[in-house]
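Source: prediction; values computed, not measured.
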Amino acid sequence: MRKQYTYLGRLMSAVLMLVALSACNTMEIRMLPYPETAKVEVSDNYFGVEVADPYRWLEDDNSEATANWVKAQNTVTFDYLQQIPFRGEVRERLTQLWNYPKTGMPTRVGDYWLVFRNNGLQNQSVLYRSESLDEEGEVLLDPNTLSDEGTTALNDVSYSKNGKYVGYAISKAGSDWVEIRVREVATGRDLRDVIRNVKFSGAVWSPDSRGFYYSAYDAPSKGGELSEQSRGQKVYYHRLGNSQRYDKLIYEDKAHPLRYFSAQCSSDGKWLFVYGSEGTYGTELLYRKAADNKSPMRTLFADFKWEYEVVYAEGDTAYVLTNQDAPNRRLVEVNLASGAIVRDVLPCREDAMLEGVSAVGGGFVARYLKDASSHIEQYDLSGAKLRDINLDGFVSADGFDGKMSDTTVYYTVTSYTQPSTVYALNLQDGTSSEVFPAQVNFEPSDFTTEQIFFESKDGTRVPMFVSYKKGMRRNGDNPTYLYGYGGFSINRTPRFAPATIMFMEQGGIHVEVNLRGGNEYGEEWHKGGMLANKQNVFDDFIAAAEYLIAGEYTSAEKLAIAGGSNGGLLVGACMTQRPDLFAVALPAVGVMDMLRYHLFTVGWGWVVEYGSSENEEQFHTIYAYSPLHNIRDGVCYPATLVTTADHDDRVVPAHSFKFAARLQAAQGCDAPTLIRIDTNAGHGAGKPTSKRIDEAADIYSFLLWNTNSKFNKVK
């Protein structure tokens, strides 16, 4: 029988927790008062429902008032965090665990091997050029030299077909806006080409290597770079040596400014494809002969109902990965002359979801997911299976990219307890050999991962990965970090993080739930957690927590929930729906205001996933769970550390600002409700190592302190 917690019980637990903390630790944290957050008389009427928005002024990221509020909130937060007695030791151990050499998959580019390396604590990984994989080689591109604090990162890297050039997109301070530059591989010299106002795109090289395609927007207004709605993405072609102002417009759709567009070329250069999307799901695929500049694009696949990805195209034949009439995806052969699907090459299967396909070595390497873990299979061009590629345990395998002429491709394998290791796959006999082994300063065999299946509220069978140090006792006293995402057809599979090891060393349990809304079990799993079904995602997460408590893995007093972006929404919704169930809530860069998210940057692209407040039926659905709008005065909410960043132009920080302000005003007990606002950082991609360590140290120190857990220094 699952333990039920009343509001009074939750309040008493908080009081007992404070007493226990005082007894357990040699000091007591004395919090500064929260900054006063002004309220304004602002409201909107949604189909007869009046909704107040008193903190709307925090949406203005250029105002002095917002800047002062951010500064005041950070003062309170960091004053609290620095009083946690073991915060420095947590950071020290995280630094030790982070400090191991990291090597990426090698790529053959012309006469050289190119590979990313990080010596351990470099803020950004460095691209090296060498003539042999047995040598480290010379630095070709070091993004650490592009900014003093390592906050300028590589967003995308691509190589010209002739192997002479690398096109690289750089992002500053975590912004989605990037700048594309070009460097010669042989000399390490940058060309004069610079492409600006690019978002969600890199350089897509033409087969003749004379230039590349890219997707860009008109320049945002001054001051609106980080919050202004992004509209009117266009596809251009840039010829090397030319100024951007002479770039050729390849495709735009003036009638539909809220769509994404991107380009792709067939391997022989005969065909040009343009992908269109109205949001984060659903593809329209257009095409024409690349040399026929005057002809309009033809529609290969229309209506945005399904997803399409051209895996390989040559001559009049294309191999396309799609979920059209195939919830677990299939690979189809398409005749480009007629636009018709010819046959299934890799049919849809019930036992596995086809995550991706690489066209290499005269055939295909297929990456399947079975119960959220990687399974790799090799096929010939006809679709006849050649072999399985052996993998052990619960792992994620990535890579397998290359050319049809390759006889060897490279891939990585990682898990919750093992960092990424690079392997070479012999495509002729299916054997693998380790190329760059992971070198770590802990013993991976001390830890283990199990997969558990539990029933959600509606009886759906949901899996989760549970990782811990061997010898863990199920006594209800283990601090537990419960992580989820559950959306946008994104899979959550086993991945290594140094912070997970640190937490497990302290007796913690790391749990990741494969919630509906992802694509672990195909499109039906995704649809089961989107739009009107979004509540299923929260029910899955809550059921996972209840299972862990009932099974005495942990208790409500020891349980922390965490998630970022759409996962931040998950945490916000669950902590407002079941505040009694969790000791700590860690929402990161979350979508907290479901009524206004679509008005900023590229939030409009999420309407296909969430719905919109401008639609009456969808309004009632999202209003019912919108974290900002479901905080209730006087309720005892978990100890909460909201995290966001000043340059997040994906999920603008106003979401977190408004949520934190409302939570501080409503909190009904002494549990802290803090917000940590990083500077010169964005949604997460490209965040330098130093900032990642700092943030992890603060999050896990907050978690351990507020679950009355000790920190024991590792010898």
Side-chain angles (χ1 to χ4, degrees), residues 90 93-94 96-100 102 355 367 369-376 390-399 411-423 434 437-454 462-472 474 478-486 490-515 518 520 540-541 544-545 547-548 551 553-554 558-564 567 570 586 588 684 692-693 695-696 699-700 703-704 714:
V90 171
R93 182 55 181 156
L94 284 170
Q96 292 169 351
L97 289 168
W98 233 288
N99 191 13
Y100 67 93
K102 306 166 187 70
E355 187 176 27
R367 293 182 288 112
L369 279 185
K370 294 183 180 181
D371 290 331
S373 192
S374 291
H375 291 257
I376 311 302
N390 293 326
L391 300 174
D392 294 325
F394 303 118
V395 299
S396 296
D398 297 294
Y411 66 99
T412 61
V413 176
T414 185
S415 72
Y416 292 111
T417 60
Q418 180 67 48
S420 180
T421 301
V422 180
Y423 294 88
E434 195 174 69
Q439 304 172 35
V440 294
N441 48 14
F442 68 95
E443 181 48 62
S445 63
D446 288 345
F447 307 93
T448 190
T449 297
E450 62 177 309
Q451 187 173 47
I452 295 172
F453 292 84
F454 63 92
V462 180
M464 59 181 166
F465 291 107
V466 181
S467 303
Y468 49 86
K469 189 173 183 180
K470 291 177 181 177
M472 179 270 295
R474 287 169 51 180
N478 303 299
T480 298
Y481 179 93
L482 179 62
Y483 185 91
Y485 186 80
I490 291 174
N491 301 320
R492 296 298 307 183
T493 58
R495 305 277 174 181
F496 178 78
T500 300
I501 300 298
M502 183 281 300
F503 185 58
M504 292 190 296
E505 287 177 338
Q506 300 303 316
I509 301 175
H510 177 93
V511 183
E512 183 157 20
V513 193
N514 299 111
L515 305 163
E520 290 90 344
D540 291 353
F541 203 52
Y547 181 95
L548 292 167
Y553 288 88
T554 190
K558 291 286 189 176
L559 181 57
I561 53 172
L570 168 73
L586 302 166
R692 291 183 185 277
I693 293 174
E695 185 176 62
I699 287 171
Y700 281 93
L703 187 167
L704 291 169
V714 177

Check step by step if side-chain contact (heavy atoms from CB on, under 4.5 Å) holds for Thr500 and Phe496. CA-CA 8 Å; Thr500 300; Phe496 178 78; over 6 Å; no
Applying salt bridge (charged side-chain N to carboxylate O under 4.0 Å, His left out), can you list everything that pairs with Arg692, at least two apart in sequence or on another chain?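 Arg692 satisfies salt bridge (charged side-chain N to carboxylate O under 4.0 Å, His left out) with no residue once adjacent residues are dropped.
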Any chance you could measure [X], atom [atom1], to [Y], atom [atom2], to the nearest 0.5 Å?
X: Met464; Y: Leu548; atom1: CE; atom2: CG; result: 4.0 Å
X: His375; Y: Glu355; atom1: NE2; atom2: CD; result: 11.5 Å
X: Asn491; Y: Tyr485; atom1: CG; atom2: OH; result: 11.5 Å
X: Leu570; Y: Phe541; atom1: CG; atom2: CZ; result: 4.5 Å
X: Ile490; Y: Leu515; atom1: CD1; atom2: CG; result: 12.5 Å
X: Ile501; Y: Gln506; atom1: CD1; atom2: CD; result: 12.0 Å

Would you mind reporting whether Thr448 and Thr417 have side-chain heavy atoms less than 4.5 Å apart?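 Counting from C-beta outward, Thr417 and Thr448 never come under 4.5 Å.
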Exam field: side chain [X] to backbone [Y], donor-acceptor pair closer than 3.5 Å:
X: Ser415; Y: Pro419; value: no
X: Lys470; Y: Ser445; value: yes
X: Asn514; Y: Arg492; value: yes
X: Thr414; Y: Thr412; value: no
X: Arg93; Y: Met502; value: no
X: Ser396; Y: Pro494; value: yes
X: Thr554; Y: Asn478; value: yes

Where [X] and [Y] come nearest, the two heavy atoms and their spacing:
X: Leu94; Y: Ala499; answer: CD2-CA, 3.5 Å
X: Leu482; Y: Ala544; answer: CD1-CB, 4.5 Å
X: Ser374; Y: Ala397; answer: OG-N, 2.9 Å
X: Gly507; Y: Pro479; answer: O-CD, 3.9 Å
X: Leu391; Y: Ile376; answer: CD1-CG1, 3.6 Å
X: Val513; Y: Pro463; answer: CG1-O, 3.7 Å

Does the plane of the ring in Tyr416 sit parallel, tilted or perpendicular to the ring in His510? Use 30° and 60° as the thresholds.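 The rings of Tyr416 and His510 sit tilted, inter-plane angle from 30° to 60°.
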Check the angle between the aromatic planes of Tyr423 and Tyr411 and answer parallel, tilted or perpendicular using the 30° and 60° thresholds.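 Parallel: the ring planes of Tyr423 and Tyr411 meet at under 30°.
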Does the side-chain contact (heavy atoms from CB on, under 4.5 Å) test come out yes or no for Ile452 and Tyr553, once each step is laid out? CA-CA 12 Å; Ile452 295 172; Tyr553 288 88; 3.2 Å; yes
Do Asp371 and Gln451 have a side chain donor and acceptor closer than 3.5 Å?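 Result is no, nothing qualifies.
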Consider only side-chain N and O atoms of Tyr468 and Glu450, and report whether a donor and an acceptor are under 3.5 Å apart.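 Note: Tyr468 and Glu450 side chains meet the donor-acceptor criterion.
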Lys102 and Ser420: side-chain contact (heavy atoms from CB on, under 4.5 Å), yes or no, with the steps? CA-CA 8 Å; Lys102 306 166 187 70; Ser420 180; over 6 Å; no
Quick check: Phe503 with Tyr700 (ring centres under 6.0 Å apart)?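 For Tyr700 and Phe503, the ring centres are under 6.0 Å apart.
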Salt bridge or not for Glu512 and Arg495, using N-O below 4.0 Å?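 No, Glu512 and Arg495 are not salt-bridged.
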